[in-house]
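Read through the structure below, which is laid out as C-alpha cells, and then see the notes.
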Amino acid sequence: MFLQCGPFRLSLERPLVMGVVNVTPDSFSDGGLYASTEQAVAHARRLLGEGADILDIGGESTRPGAAPVALDEERRRVLPVLDALAGCGVPLSVDTRKPEFMLEAIAAGAAMINDVTALTAPAALTAVAKTPVAVCLMHMQGEPGTMQENPTYQDVVREVRDYLAQRVAAAERSGISRDRIVADPGFGFGKTVEHNLALLRSLAEFRSLGVALMAGLSRKAMLGKLTGREPRERVHASVAAALLAVQNGAQIVRVHDVAATRDALAVWNAVKGQD
Ligand code: HH2
C-alpha cells in the first residue's frame, strides 16, 4: 500500500512519522516556541534530522477554545516556512481548513493538505481534487471554540467511522483517488477521554475505510488526564499512545517528539520483522 503525496510515493508497509511544526503563538503544547520563521524552520530541520517522514506545518491552532486565524496571518506564518523547507526531501503537509490557502500552499510546494474539517468548506474538495497532493480527512465534532463543552455520541466508533467513510466517498467522487487519501479519527476533537480510548481500542476497524490511517495523540489532554502531566512532560505517554495506535492499525502517527517515537517504532518494526 502506498500514499501518493504530489511527487512523493510513500510506502505504508512500515509506520510513518509525521512531525508537527506549529508556527503559532498559541498551540496547546508548543505555542510560541516556534512562532517566528527562523524558529519554525530550525525546529523542522531538527525533526528531519530525527527521522520525520512527513512534516506538518500549521499556522492556526485548533486546540479546544482556539480562535480562528485570518487568511493573511496564516499566509504570513506558513508560506515563508514552506519556502525555506522546499527540497528538504520529505513531503511537506500544511494543516489548514481554508480552501484558498490550500491552493496557495500547494502552489508553494505543499505535497499534502491536512484538514481538521475533512474538506467540508465550500469548494475545498474541488480545490484539492485538481492538484496531485494527498489529503488528510479528519473527524471533529463541533468547532474548536466549543468542541470540548459536551461531546456526545451514541456509538463513537461507528459514528466517526461512518463520517470518515462519507468524506472518503465525497473525496473520491470529486476525483481524489484513494491512494491520495488519509483518514484520521481526530483524537481530542469533540471527544472525552472515554471517547478517545474507545477509538484507540477500535482503531483497527478504521482500516476498512480502505485508505491510509493516521492517528494524532501526541501530548493531548487525554494523556494529561491519564498521567497528571503538563503538555511538554507528556513525551513518554505520547510514545506509548503512538505505539498502541500503530499496533492497532495506524499507518501514520502525527507527533511532536519524532526522535522518541522513532526509537519506539524501531523496536516495534524489529519485533514485526520489518526493520
Ligand atoms: N491534532 C492537532 C492539529 N491537527 N491534524 C490531524 N490530522 N490529526 C490530529 O490529531 C491533529 C491535527 C492538534 O495538535 P497541535 O497541532 O499540536 O495543536 P494546536 O492545534 O493547538 O496547534
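Order of listing sets the numbers, starting from 1, for every ligand and every atom in it. Just so it is clear, the structure is predicted and the values come from calculations on it, not from any experiment. All values below come from the heavy atoms of this structure, side chains included, with hydrogens, waters and symmetry mates left out.
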* Within the structure, does K220 bring an N/O atom to less than 3.5 angstrom of an N/O atom in ligand 1? -> yes
* Asked: Under 3.5 Å between some N or O of ligand 1 and some N or O of G186?
  -> no
Location of contacts on [X] toward ligand 1, heavy atoms closer than 4.0 Å:
X	result
S27	both
N22	side chain
H256	side chain

* Asked: Considering only the protein, which heavy-atom contact is closest to atom 4 (N) of ligand 1, and what is its distance?
  -> D95 OD2, 2.9 Å
For residues 100-110, which side-chain N or O atoms pair as donor and acceptor with protein atoms under 3.5 Å away, sequence neighbours left out?
{"unit_1": "E104", "atom_1": "OE1", "unit_2": "R75", "atom_2": "NE", "d": "2.6"}
{"unit_1": "E104", "atom_1": "OE2", "unit_2": "R75", "atom_2": "NE", "d": "3.3"}
{"unit_1": "E104", "atom_1": "OE2", "unit_2": "R75", "atom_2": "NH2", "d": "2.7"}

* Hey, what's the ring geometry for Y34 with H43, parallel, tilted or perpendicular (30° and 60° as the breaks)? -> parallel
* Would you call R254 and D56 a salt bridge, using N to O less than 4.0 angstrom? -> yes
* Asked: Do any pairs count as a salt bridge (charged side-chain N to carboxylate O under 4.0 Å, His left out) and have a residue in residues 188-209, sequence neighbours left out, and if so which ones?
  -> R161-E205
* Output yes when a side-chain donor or acceptor of D83 lies under 3.5 Å from a complementary backbone atom of L79, and no otherwise. => no
* Using a strict cut-off of 4.0 Å, indicate which atoms of ligand 1 neighbour a heavy atom of R63. => 20 (O), 21 (O)
* **Atoms in ligand 1 flagged as close to C136, the criterion being non-hydrogen separation under 4.0 Å** => 7 (N)
* Asked: At what distance, to the nearest 0.5 angstrom, does CG of N269 lie from CD of E13?
  -> 11.5 Å
